[in-house]
Amino acid sequence: MQDKYQPATIEAAAQQHWEHTAAFRVTEDPKRPKYYCLSMFPYPSGKFHMGHVRNYTIGDALARYHRMKGFNVLQPMGWDAFGMPAENAAIQHDVPPAAWTYANIDYMRGQLKRLGFAFDWSREIATCAPSYYRWEQWLFTRLFEKGLIYKKLGTVNWDPVDETVLANEQVIDGRGWRSDALVEKREIPMYYMRITAYADELLAALDELPDWPEQVKLMQKNWIGRSEGVEVHFPYDEQSIGKAGVLKVFTTRADTLLGATYVAVAAEHPLATQAAANNPTLAAFIEECKKGGVAEADLATLEKKGVDTGLRVVHPLNGESLPVWVANYVLMGYGEGAVMAVPAHDERDFAFAGKYGLPVKTVVSSAHDAYQEVVAPWLDAYAEHGRLVNSGKYDGLDFQAAVDAIAADLDARGLGQKRVQFRLRDWGISRQRYWGCPIPMVHCDDCGDVPVPDAQLPVVLPEDVTITGRGSPLARLPSFYECSCPKCGKPARRETDTMDTFVESSWYFLRYASNDSQTAMVDARANYWAPVDQYIGGIEHAILHLLYSRFFTRAMRDCGLVSISEPFTRLLTQGMVVANGYYREDDSGKKQWFSPAEVSITTDERNRPLSATLTADGAPVTIGGMVKMSKSKNNGVDPQALIEQYGADTARLFIMFTAPPEQQLEWSDSGVEGASRFLRRVWNFGYALASEASLQVAIPAQLPAAVADVRREIHTHLKQANYDFGKHQFNTVVSAAMKILNALEKLPRSETAAQAVAAEGFSILLRLLSPITPHIAHALWQEGGFGADILDAPWPEPLDAALTQDEIELMLQINGKLRGSLRIAATASRSDIEHAALASGSAQKFMEGQPAKKIVVVPGRLVNIVV
RNA sequence: GCCGGGAUGGCGAAAUCGGUAGACGCAGCGGAUUCAAAAUCCGCCGGUGGUGACACUGUGAGGGUUCGAGUCCCUCUCCCGGCACCA
């Protein structure tokens with residue numbers, strides 16, 4: 001046994017041992033409970049960043065812990081391999097996306113192996129492999145036939161110079177990132193997944209996910225956005241519009257209908273198009289609305305603007321004529337693309353009406369009881385519920401009664417009814433990009449859109465393509481798009497769009513269970529492993545990826561492929577890894593970020609940072625605070641360098657100890673040093689113990705008091721650690737392990753009894769650490785002769801015999817203020833405690849002779865005397 | 001703009017159901033060891049006052065509930081994540 005901790009040697013040895021014994025290869029075993037532990041698979045961008053290391057360390061700790069608890073554990077890994085970065089690399093470095101991606105995968109697989117994660121590598125998948133995406137294409141054609149995929153127009157960011165569609169990320173301040181051209185909105189035909197067909201189910205089933213973070217469920221609930229309201233039809237004023245018809249709007253505030261003073265439609269609304277034909281001002285405004293990207297965050301912060309169309313509609317209840325405006329805050333994609341505007345009771349309408357001099361009519365009273373009291377409309381909108389006023393026969397009704405009455409009257413006139421509206425929209429999956437899964441459709445002049453038959457799948461993505469950043473590469477490749485119609489055999493055109501990469505990540509967790517199947521997307525093995533028992537990934541995926549996966553699982557269920565409805569039973573959303581950022585601003589306000597390694601910091605006498613300078617030139621830099629580790633902020637720490645210097649166990653320990661998994665993790669070099677120091681102490685203790693202690697010595701029933709105290713302390717910390725492990729609070733599990741080592745070091749090891757307790761305690765410590773720092777635990781377990789492979793050692797449980805104590809300490813409070821403590825028999829009754837408390841010196845002193853009004857006793861914790 | 005989350009010593013954090021605020025670690029300071037340094041070990045370590053015992057004060061800000069609030073309620077400030085084509 002080495003006398004010094006040498007991580008490089010022991011980590012290589014442990015990894016070899018796992019490799020030789022195929023330790024993490026698993027098969028279905030109906031006799032044991034299964035535990036499918038899954039970390040979100042990475043995009044193979046080139047090398048791992050610290051966020052990945054954190055993600056996989058958490059997953060690995062849970063997988064190893066459950067294995068020791070007796071579960072049949074599956075922990076697979078793969079690659080989310082389609083995406084834009086490969087195309088960007090192709091443009092920049094003239095390397096084919098496929099070659100670039102596969103090279104990255106090879107390098108990154110090596111990094112994961114060096115970190116010692118317990119992955120079953122025989123199940124590895126890469127989504128860019130035809131063997132993977134052929135099944136995605138196969139499912140696409142099924143969903144198309146079921147009507148769960150359909151085609152319609154969608155709005156995209158269009159770069160008029162590069163003649164290409166841009167991702168929201170590629171639109172910077174309204175301009176294309178490469179061309180710098182002003183981006184426009186453009187409508188193109190796209191395929192959509194009908195996720196809204198599952199809106200109710202996706203919403204209701206959130207209640208059946210008790211082990212998902214409340215925060216994530218709430219975000220999904222709000223995203224789906226089910227609202228009950230009323231669809232209101234405003235009949236066209238035939239004189240101004242020139243034809244009969246109704247303008248439909250949806251509102252959750254039908255009670256305010258009598259306060260509607262105008263209606264607003266989106267720029268793309270048919271009425272807007274009609275009115276613009278002979279109204280140059282309006283046409284110009286609609287043109288202006290087309291400028292800029294489609295990202296909602298940008299649209300929602302635009303200055304609210306509008307133009308009167310000159311068209312008019314009729315109020316469905318009072319017959320008044322209302323103007324129709326085009327407003328940039330009404331979005332065509334939501335609801336009907338039109339809203340009724342009630343300035344008195346909606347902040348946004350109020351601001352808009354004020355700006356354009358539109359009338360404000362108050363119809364809801366702010367007072368709960370006296371409905372006569374009316375808010376002065378020129379002050380502000382009153383958006384709360386209240387009783388109706390100025391509404392004729394509806395006056396005095398409260399919110400619900402008013403909605404009911406108005407909806408009934410609209411229904412009677414055929415001008416509306418109650419209905420449910422979702423905020424959730426169907427999922428547009430067409431991408432005008434190369435490095436993605438080809439959409440398996442053929443367009444025939446005679447037969448229309450025809451799915452590619454099973455026998456012709458997969459539609460293989462050609463790899464001999466030039467990527468220029470202009471246009472869609474596949475659309476310029478006749479050898480790809482020229483084909484014959486599967487139905488009639490005539491010449492036809494293959495679809496050249498690829499799928500959103502979210503599609504691949506919506507079902508990969510099922511493919512791991514049967515990744516070698518050539519004959520089916522998923523087979524019976526998927527129903528053994530599914531659902532994923534524990535899923536771990538970044539909080540940034542709280543809505544899109546997780547919602548799409550939930551939808552996809554249901555769609556696959558309804559195609560008879562799996563029996564589950566929910567893909568992920570438990571969810572852990574890990575926080576970001578951040579580090580200090582330092583920058584300088586140039587005259588144009590552009591920030592230049594410096595690596596923390598290049599910066600010197602001065603501090604005050606309390607060690608608070610005062611200022612920072614660039615070491616190279618001594619001139620000041622701005623301290624930018626803790627920001628997400630990234631290339632652009634120049635503050636990333638390379639996991640590879642860390643592992644080479646300290647070893648994988650130190651990296652894993654630091655990550656798990658420094659912050660609870662769901663919180664942001666702040667990088668600190670000295671913290672890494674501390675983690676390494678602890679592992680050295682563990683090694684040194686194990687080395688000393690191996691030379692002296694006998695594992696055969698039984699722990700005597702009667703221990704010297706000092707030894708019994710240490711043993712109780714160890715088992716108390718173990719109890720705490722088990723509790724914390726159960727709630728995934730790994731930082732305090734590590735704390736408990738540190739406390740156990742501190743306790744062990746107090747043992748007088750010249751006594752045999754103490755040696756036996758030390759051996760017991762150390763075996764607990766190693767098992768507690770093994771999910772987090774598996775290499776050192778493996779080595780010391782083996783060297784110490786504790787038994788067979790620690791991977792399958794039973795998880796340690798605290799012993800009642802070691803935990804019992806005769807006397808306990810209670811806190812003593814007078815009037816809720818801590819004034820002392822009380823040592824008392826553990827079995828003392830409530831009145832014993834009260835008497836002892838009143839008799840204590842602290843009570844005598846602080847009660848100042850006054851009688852006790854009340855005595856609060858919290859068993860095992862405290863006594864509070866109220867005077 | 002909308003939805004969600006966070007704020008506790010010099011720093012990362014802990015405090016399980018409303019019950020000892022700051023466990024554990026980092027940094028710092030003092031000491032031991034050393035020719036010296038590294039490493040290691042021991043001690044101190046929220047603030048104010050006090051030699052000390054101790055007292056007062058303290059969990060982003062302001063208010064409230066309670067015998068008792070970091071924890072519950074109301075109002076506010078700042079920071080972070082998401083917003084449908086980054087993954």
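Every chain is numbered from 1 and lettered A, B, ... according to where its sequence line falls, protein lines coming before strand lines.
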(request) Could you measure between the two C1' atoms, the one in A21(B) and the one in A13(B), and give it in whole Å? (result) 13 Å

(request) Flag the pair Tyr133(A) / Phe82(A) as yes when their ring centroid distance falls below 6.0 Å, and as no otherwise. (result) yes

Give each protein N/O atom lying under 3.5 Å from an N/O atom of nucleotides 73-78 of chain B, with the pair distance.
none

(message) Using O4'-C1'-N9-C4 for purines and O4'-C1'-N1-C2 for pyrimidines, with syn meaning within 90° of 0, is C17(B) syn or anti?
(response) syn

(request) Keeping to residues at least two apart or across chains, list the side chain to side chain donor-acceptor pair (under 3.5 Å) pairs with something in residues 77-91 of chain A. (result) Trp79(A)-Glu124(A)

(message) Let's test your reading of the model: under 3.5 Å, does the base of C85(B) pair with the side chain of Asn168(A) as donor and acceptor?
(response) no

(request) Test for a donor-acceptor pair under 3.5 Å between the base of G19(B) and the side chain of Gln813(A), counting only N and O atoms. (result) yes

(request) In whole angstrom, give me the gap between the C1' atoms of G62(B) and A7(B). (result) 16 Å

(message) When you measure only distances, ignoring hydrogens and angles, does the side chain of Ser735(A) come within 3.5 Å of the base of A23(B) through a donor and an acceptor?
(response) yes

(request) For G50(B) and A55(B), measure between their C1' atoms and round to the nearest Å. (result) 9 Å

(message) Taking NZ in Lys221(A) as the centre, count heavy atoms belonging to other residues, nucleotides or ligands within less than 6.0 Å. Is the count above 12?
(response) no

(request) Taking only the side-chain heavy atoms of Leu218(A) (C-beta and beyond), determine which of G1(B), G5(B), C80(B) contains the nearest atom. (result) G5(B)

(request) Rounded to whole angstrom, note down the C1' distance from C11(B) over to G22(B). (result) 13 Å

(message) Tell me if G9(B) is syn or anti. Syn = glycosidic torsion within 90° of 0, anti otherwise.
(response) syn

(message) Is it the case that C85(B) (base atoms only) and Gln170(A) (side chain only) share a donor and an acceptor within less than 3.5 Å, ignoring hydrogens and angles?
(response) no

(request) Can you tell me, in whole Å, how much space there is between the C1' of G25(B) and that of G19(B)? (result) 26 Å

(message) For Watson-Crick and G-U wobble pairs within 3.5 Å on both distances, what is RNA chain B written in dot-bracket notation, | included for inter-strand pairing?
(response) (((((((..(((......[....))).(((((.......))))).((((....))))..(((((..]....))))))))))))....

